[in-house]
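Chain naming here is simple, since letters A, B, ... match the order of the sequence lines and numbering starts at 1 in each.
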Protein chains: 2
Amino acid sequence: MPAKRPNRYSERRGNDWMGKVKRRGRPIRPRPDNAPSLEDVARRAGTSIITVSRALRQPDKVRPETRARITEAVEALGYIPNLAASSLVSRRSGIIAVVVPTLGNSTFVDTLHGLSDGVTATGRQLLVGDTGYSETAEHALITALAGRRPDGIAIVGLVRNPRTRTLLSSLGVPVVETWDMTDDPIDHVVGFSNTEAGRAMTRYLLDKGRRRIIFVGAHEPRSRAREAGYRSALQDAGLSGGTTFFTEEPPSSFGEGRRLMHRIANLDPRPDAVFFSTDVLAVGGIIECQHLGIEVPREIAIAGLGDLEIGRSIVPTLTTVQIPSYQMGRRAAEILSQRLEGAELTQKIVDFGVNIIARDSA
Amino acid sequence: MPAKRPNRYSERRGNDWMGKVKRRGRPIRPRPDNAPSLEDVARRAGTSIITVSRALRQPDKVRPETRARITEAVEALGYIPNLAASSLVSRRSGIIAVVVPTLGNSTFVDTLHGLSDGVTATGRQLLVGDTGYSETAEHALITALAGRRPDGIAIVGLVRNPRTRTLLSSLGVPVVETWDMTDDPIDHVVGFSNTEAGRAMTRYLLDKGRRRIIFVGAHEPRSRAREAGYRSALQDAGLSGGTTFFTEEPPSSFGEGRRLMHRIANLDPRPDAVFFSTDVLAVGGIIECQHLGIEVPREIAIAGLGDLEIGRSIVPTLTTVQIPSYQMGRRAAEILSQRLEGAELTQKIVDFGVNIIARDSA
DNA sequence: TTCGTTTATGATAACGTTATCATAGCAGCA
DNA sequence: TGCTGCTATGATAACGTTATCATAAACGAA
C-alpha cells in the first residue's frame, strides 16, 4: 500500500491569512471564466491537483481506484484541460502553424488537408493563416503565429525574405517549406521543382512535335519558376524566346483561362500549344477552345499543371503535371512529428519529382 | 516629471538566497526555450516588466523616451510576446476555432477564407479542424479545440448532436453556425435554408416546364435538406415521389457527377432535368452530357447548387443556386468580433436567402 | 500654502498547468 | 533485521504574462 496522506488542493485561494496581512497586487476575485480547473476536479475526487494531472496524462501511474474517482469527477464537471497553461509550463504548445499564400486556391487547400490529417493524428492542432501572396503580410503573419510558440511550422512555398528566414530559424522549431524545391531550405523542404516541372512539360510538348508553344502564368514565384523551365527547354531545343501571357492576379480562375485563351487564339501565327501554369487556367482554355470550335489537341495542344480532379473528367481529358498536394501536406506533417519525437532527420530535402500525366489534350 | 524609481526586473531567477534555504520543487534551470521574455526586454531597456508590457499594449501610457528604449530592446532581442501566458492571465486567447466537415471541399474553404479575412482583421488567429463528416469526430474535435479556450467558435453546418450542443453552450463563448438555417441555433446562425434552396430550384425547373426531374445528392445533412425541398416542391406541383441518386461518399467530385449522369441518361423514360446537389456534380453532369451527345438544356436541363466559379465558365453556363460561401464566413467573423467587443446582438439569425442564378443549362 | 488630481512607473499576485523532488508504505532480498 | 528499490501520492516552484493596487513626482485649483 502506497502513501496515503491528507492532501490539500492548493489553497492559494481563500487562505485565512488574507486580510490579516496587508496585501498588494491582484485581489482574489471569483473566477469569471467558470470552466472547472484541475483544482475543482481534485477537490471532487478527494485527491491532489498533481494526481489528477497524472491520471489524465499517464493513467498507469495512478491506482485504478483513484483513477476511477478522477474520471468520475472529470465527467461530472465537464473538465477540459486548459492548454494555454499546459503550453506555458511544458513548453510544448501542441500547435502546428501553417502559412498559405491564399485560401482561395483549392490545391493549396489539399496540402492543408494533408497537414490536417497528419497533424491531428498526433493530437496536435492547426493554426492557419494566409498571406495573400504578400511578403510583408507573410512576415507579420509568421511573427503573430510565433507568439503562440508552435511546435512546428509548415509553409506553402519557399520563404524568400531573408528577415523572415532568419526569424524562422531563430524560433528553434522544425520548419517545413513545401510546394517548391531548393538546395537551401530553412530547415526541411518537401516539394518538387517548379522549374523542372515547367521544363518537363515543355519538353513533352516539343516531343509531340509542337513548336509554337505559349506559356500562361502569373506574377507569382512558383509560376515564375515554371516559366523559367519552359524557357530553358525551348532554348535547349534551339527555339528562341518563348512567349508568356500573364493573368491579372493570382489565384487563377477558369474565367481567366478562357479570356487568355481567347486572346491567344487570335494570334497570328496561331500557336500550336498552350502550356498553362495551373490546371484551373488550362480547363478554362479547353472550354474556350471548345467554344471557339478549335479542336484540341489537333489544332492546339493544351497542357496544365496540378492534376486537379476536373482534369480527369473534362473532355478532352487534360494532360498535366502531377502535383501531390495532399501528399506534400501529409509528408510535411510526418516530418514535423518525427522531429518532435526527437528524431534528427538526415534527409532535409524531399523531392517528389515531376510526373507528366499524358492524357488527351496534348 | 513622474516617478522614477530604481527598479528591478523580477529577480525570481538567480536569487542568492537559493542554496542557503533548502529548496523543494522545480529547480531553476537555464531556459531551454531561449526566446526572450518581457524580463529580458525590461533588463535591456532599464525598466520594469510591467512597463514593457504596457508599452506594447498601451503605448500612450508610457513616456516617449521610455517607449523608445523599450522599442529598441524589443527589436534588438527579437522579442515576441508569449501568447500562452497572455491567454492564461487575461482570459482572452485571441483564437477563433473553426470546425469544417472537410477541407476537401472548396466551397467550405471559401467560408474559411472569409473567416480568415474577418478574423485576422481583428488581430485574432484561426484554429482549424475538420471532422470528416463524423459526429463523433466533431465532438472530439470541439472538445480538443475548447482546451485552447477560444474567444469564439465558428462551425460549418449545424451541430446536431445534443451533447455537442450542450458542450458548446457551456463554454460561454459566442458560437456561429453557418451553411444552414434553423430556428434554434446554439447561439448564432449565418446561413441559408438548404431545404428552401432545394425547393426553389425545383420550382424553377418546374416553371421551365420540366416534369421528370431527378435529384442527385449525398448521404450528408445539407444534401438531405435540399432533397427534402426538392420533394416538397414536387408534391406541391402534384407530382408524385421524386427520384434520388446518391453519390458514394461526400465530398463530391466531377467524376462522380459524370458517372451518375451516365446512369441517369440510360433511364427509361429519360428524365428531362437533373438537379445536382452541388455544382461540382452538376459540372460533371454537363461534361457527361456533352460526351454522350445529349443537348443541354434542350434534351435534359441541368442545375447545380453553390455558384462555383467554373459554373460561369463552362459551356453551357450552369444554372445554379447562389451560396455566398465567402460572405457567410466573413459575416460569421464579424458577428464574433462584435460579440467580443461586448455587443449583445439581438439578431441571432442571419438568413442570406436563396437566389437562383438562371444561366444556360436550365 | 494645502490638498486633490494626474502622470508615469512599479510591486505583487494570480492565471492553470507541469517538472522536479520528496516521502510514506510496502515488497524483495541478503 | 536492515537495506534497497518500487509504487503511489504529494508539495512546491515555475512558466511569462496581465490585473490590480500603490506611489512618487508634477500639476493645478482653492
Side-chain angles (χ1 to χ4, degrees), chain A residues 1-13 15 18 21-29 31-33 35-42 47-58 60-67 79-92 147 149, chain B residues 1-13 18 22-29 31-33 35-42 47-58 60-67 79-92 147 149:
Chain A
M1 194 57 178
K4 177 64 187 179
R5 284 169 295 167
N7 74 285
R8 37 181 259 252
Y9 14 85
S10 172
E11 302 186 348
R12 287 178 300 179
R13 273 187 284 269
N15 294 1
M18 279 172 44
V21 180
K22 186 182 180 191
R23 296 187 61 262
R24 304 211 304 181
R26 176 193 263 201
I28 279 85
R29 334 168 262 175
R31 206 165 327 130
D33 171 0
S37 69
L38 277 183
E39 185 188 340
D40 300 312
V41 176
T47 175
S48 70
I49 289 181
I50 188 63
T51 300
V52 177
S53 174
R54 244 188 307 253
L56 296 173
R57 293 181 302 133
Q58 312 163 41
D60 53 319
K61 295 273 185 188
V62 172
R63 251 197 323 161
E65 300 93 278
T66 313
R67 205 191 311 148
Y79 171 72
I80 298 175
N82 184 325
L83 299 179
S86 169
S87 306
L88 186 57
V89 62
S90 72
R91 295 163 182 290
R92 268 172 273 111
R149 301 294 186 265
Chain B
M1 193 60 176
K4 178 65 188 177
R5 284 169 295 167
N7 73 284
R8 38 180 257 253
Y9 14 86
S10 172
E11 302 185 348
R12 286 178 301 179
R13 273 188 284 268
M18 277 175 46
K22 185 182 182 192
R23 296 188 60 261
R24 303 211 305 180
R26 177 193 263 205
I28 278 86
R29 326 171 267 174
R31 210 169 319 135
D33 171 0
S37 69
L38 278 182
E39 185 187 340
D40 301 310
V41 177
T47 175
S48 70
I49 290 182
I50 188 63
T51 300
V52 177
S53 174
R54 244 189 308 252
L56 296 173
R57 293 180 303 133
Q58 311 162 42
D60 53 319
K61 295 272 185 187
V62 172
R63 248 194 328 158
E65 299 93 280
T66 312
R67 206 191 309 149
Y79 171 72
I80 299 175
N82 184 325
L83 299 179
S86 169
S87 305
L88 187 58
V89 61
S90 73
R91 294 162 181 291
R92 269 171 273 111
R149 302 293 186 266

Participant: Please tell me if A/Thr51 has a side-chain N or O lying less than 4.0 Å from either OP1 or OP2 of D/dG10.
Facilitator: yes
Participant: Between atom CG in A/Leu56 and atom P in C/dG16, what is the gap in whole Å?
Facilitator: 16 Å
Participant: Testing the basics here: between A/Ala85 and B/Leu88, what is the closest heavy-atom pair and its distance to 0.1 Å?
Facilitator: CB-CD1, 3.7 Å
Participant: On the nucleotide C/dT17, are OP1 or OP2 found under 4.0 Å from the side-chain N or O atoms that A/Ser53 carries?
Facilitator: no
Participant: Select from A/Asp60 and A/Ile50 the residue whose nearest nucleotide in DNA chain D is closer to the 5' end of that strand.
Facilitator: A/Asp60
Participant: Can you see if the side chain of A/Thr47 gets near the phosphate of D/dG10 - specifically, an N or O under 4.0 Å from OP1 or OP2?
Facilitator: yes
Participant: So, for B/Ile49 and B/Glu39, which heavy atoms are closest and what is the spacing to 0.1 Å?
Facilitator: CG1-CA, 3.9 Å
Participant: To the nearest Å, how far apart are A/Leu88 CG and D/dT17 C1'?
Facilitator: 8 Å
Participant: So does A/Arg63 get a side-chain nitrogen or oxygen closer than 4.0 Å to the phosphate oxygens (OP1/OP2) of C/dG25?
Facilitator: no
Participant: If you look at every strand shown and take non-hydrogen atoms under 4.0 Å, does B/Ser87 touch a base, only sugar-phosphate, or nothing?
Facilitator: nothing
Participant: Report yes if at least one side-chain N or O of B/Arg91 is closer than 4.0 Å to OP1 or OP2 of C/dG16; otherwise report no.
Facilitator: yes
Participant: For A/Arg67 and D/dT9, give me the distance from atom CZ to atom P, rounded to whole Å.
Facilitator: 10 Å
Participant: Take the protein atom CG of A/Leu38 and the nucleotide atom P of D/dG10, then report the distance between them rounded to whole Å.
Facilitator: 13 Å
Participant: Supply the atom-to-atom distance A/Thr51 OG1 to A/Leu56 CG, rounded to the nearest 0.5 angstrom.
Facilitator: 11.0 Å
Participant: Side-chain contact, heavy-atom cut-off 4.5 Å: B/Arg149 with A/Ile80?
Facilitator: yes
Participant: Using whole Å, what does the distance between atom P of nucleotide D/dC6 and atom NZ of A/Lys61 come to?
Facilitator: 11 Å
Participant: For a quick check of understanding: with a heavy-atom distance under 4.0 Å over all strands, which category does B/Arg92 fall into, base, sugar-phosphate or nothing?
Facilitator: sugar-phosphate
Participant: Just N and O in the side chain of A/Ser48: are any of them under 4.0 Å from OP1 or OP2 of D/dG10?
Facilitator: yes
Participant: Once you round it to whole Å, what is the distance between P of C/dT20 and CZ of A/Arg57?
Facilitator: 11 Å
Participant: Measure across B/Leu38 and B/Ser53 and return the closest heavy-atom pair with its distance rounded to 0.1 Å.
Facilitator: CD1-CB, 3.9 Å
Participant: Using a 4.0 Å heavy-atom cut-off, does A/Arg54 contact any base of the nucleic acid, only the sugar-phosphate backbone, or nothing at all?
Facilitator: base
Participant: Let me know the distance between CZ of B/Arg149 and C1' of C/dG16, rounded to the nearest Å.
Facilitator: 9 Å
Participant: What nucleotide, of D/dG16, C/dT18, C/dT9, holds the atom closest to the side chain of A/Ile49?
Facilitator: C/dT18
Participant: Using heavy-atom distances to pick each residue's nearest nucleotide on DNA chain C, tell me which of B/Ala85 and B/Thr66 is more 5'.
Facilitator: B/Thr66
Participant: May I have the distance from B/Glu39 (atom CD) to D/dG16 (atom P), rounded to whole angstrom?
Facilitator: 9 Å
Participant: Looking only at non-hydrogen atoms, find the nearest pair between A/Ala42 and A/Ser48 and report the distance.
Facilitator: CB-C, 3.6 Å
Participant: Between D/dG16, D/dT18, C/dT17, which nucleotide has the shortest distance from any of its atoms to the side chain of A/Ser37?
Facilitator: C/dT17
